[in-house]
Q: 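Questions regarding the structure given below will be posed in turn.
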Amino acid sequence: MVSCGGGIVEKLKERNMDRTLMSGVDAFCALGDEPPALRRGVDLWTEGRVLAGVGRVPDAFEADHVISGSRLLALPALHNAHAHAAMTLVRGFAEDLPFSRWLNERVWVAEKALQEEDVRWGAALAACEMIRSGTVGMADHYFWMEQTARVVQDSGMKALLAWCHFGRGDDQEVGGATLQTKVDAARRWHGAADGRIRAALGPHSPYMCPPEVLSEMGAAARELGVALHLHLSESSEQVARSRARYGKTPVEELADLGLLDQPILCAHCIAVSPEEMAALARPQVFVAHTPKTYLKLAMEMAPLEEQLAAGMQVALGTDGPASGADLNLLEVLRLTGLVHKGRAGRAEVLPVATLLHMACRTGARALGFEDSGVLRPGAAADIMLLDRSGPHWAPDLDPLAGAVYASHPSDVRHVMCDGRLLLDNGQLTTLDEEWIIAEASRRARRITGAAGGEAMRRYQG
Ligand SMILES: [Zn+2]
């Protein structure tokens, strides 16, 4: 029986999910070392947490659970490379404001009213939404990381969890949490939930964290064997201020501190020069691209096409619901294609397979799950199944383009993580959604109703 502290999570049914057969579906899958391709009318079968095979299921295979249907499209489940999951609690609270006012007048004001248990309910609400839109993994960056860890553990998802640290004095940290508290939590949770939880250390950004704090957190991450996850170069203004303050850009600062020589996930990288793109193109550096936030807050747009051409490993993220409103990575896939085709003035940039690769394979690797993000025998059984019965799919000439440009989250019928169905025929199996919506909404009203006065800290670019 799954439990979650006060009991957010309720497992609806106890079932043996050791062996699942997905019969006669279309699948975007890979055999051997080939890149993934669409294969029609194949079987996929799982054993334990692994995708055991793709093709024609052996007669001897005895399934505990069978999913079948020629209208189903199997894709690797999605990995969200940058989120602030519990910010579902302030969804709709900071609308139509530029970035500096959005932080100073809303987001960092609401944080004053945030309590530890709020994070659990906000993250649980996020988990419902993510699973329903085909996402099994998230790189989360927020406060009281252990609350989110419990939700990940009990929901069956995967995550890279970073407890945000500003490094400007404990009075400016949410809940007064010290760096040592955050390091200890990372040590406790890294590898938990059968390896579904990975920890990272989460300096907020070079514009908030003094260099000595970045350096200290880098050393602590190396000692723990975990990644860093931070915000980087979100605007030209930040770059100019960094030059004025330190004589170098934020990317140059990280490079000089040695932080690009260790595993690091950098959100945004919007204002980066060609030289900086070259410096970021290294195997241990991942970048999260979250275009919905850039559009909604009227920020600059990261030069994604140039970044990919430079060899940078760019994954996709939703960012938090305070900026992006929702956690639907299917929409981010679509927006990424639309924005960058428009930006380039060339329809051929960012083809569907590239977009899927970013949201699935690069996303999984950015979170540290090397065996996920691809439907290949022997990989983790992290799978989403889309139902293509709706009129927006017909005549279904190109199912992959349909998935990227025409699908709705309500088309997601089944979602599996490590061989376990978290969404089964449209029903969440691990989360009590009605209860979570009610409790999270109640807490959100308290937080946003109480919010007022000065922010806990000040953004100046
Ligand atoms: Zn962020």
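Indexing begins at 1, ligand by ligand and atom by atom, following the structure's order.
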Q: Go through the steps for H165 and H141 under the test ring pair (Phe, Tyr, Trp, His ring centres under 6.0 Å), then give the verdict.
A: CA-CA 10 Å; H165 190 69; H141 195 285; over 10 Å; no
Q: Of the backbone and side-chain N, O or S atoms of H141, does one lie nearer to the Zn ion (ligand 1) than 2.8 Å?
A: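 Short answer: no, not a single N, O or S atom is under the cut-off.
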Q: Apply side chain to side chain donor-acceptor pair (under 3.5 Å) to Q153 and R196, showing your working.
A: CA-CA 8 Å; Q153 177 173 271; R196 286 185 291 105; over 6 Å; no
Q: Taking just the N, O or S atoms of H231, which one is nearest to the Zn ion (ligand 1)?
A: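 Output for this pair reads NE2.
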Q: Checking only N/O/S atoms, does H84 have one that is under 2.8 Å from the Zn ion (ligand 1)?
A: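 Checking the Zn ion (ligand 1) against H84, an N, O or S atom does fall under 2.8 Å.
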Q: Please check if the distance between the ring centroids of H229 and H204 is under 6.0 Å.
A: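 No - the distance between ring centres of H229 and H204 does not fall below the 6.0 Å cut-off.
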Q: Tell me which N, O or S atom from H82 is the closest to the Zn ion (ligand 1).
A: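 Considering only N, O and S atoms, H82 comes nearest to the Zn ion (ligand 1) through NE2.
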Q: Checking ring-ring contact (aromatic ring centres under 6.0 Å, His included) between H289 and each of H268, H340, H82, which is the one that passes?
A: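 Only match with H289 under ring-ring contact (aromatic ring centres under 6.0 Å, His included): H340.
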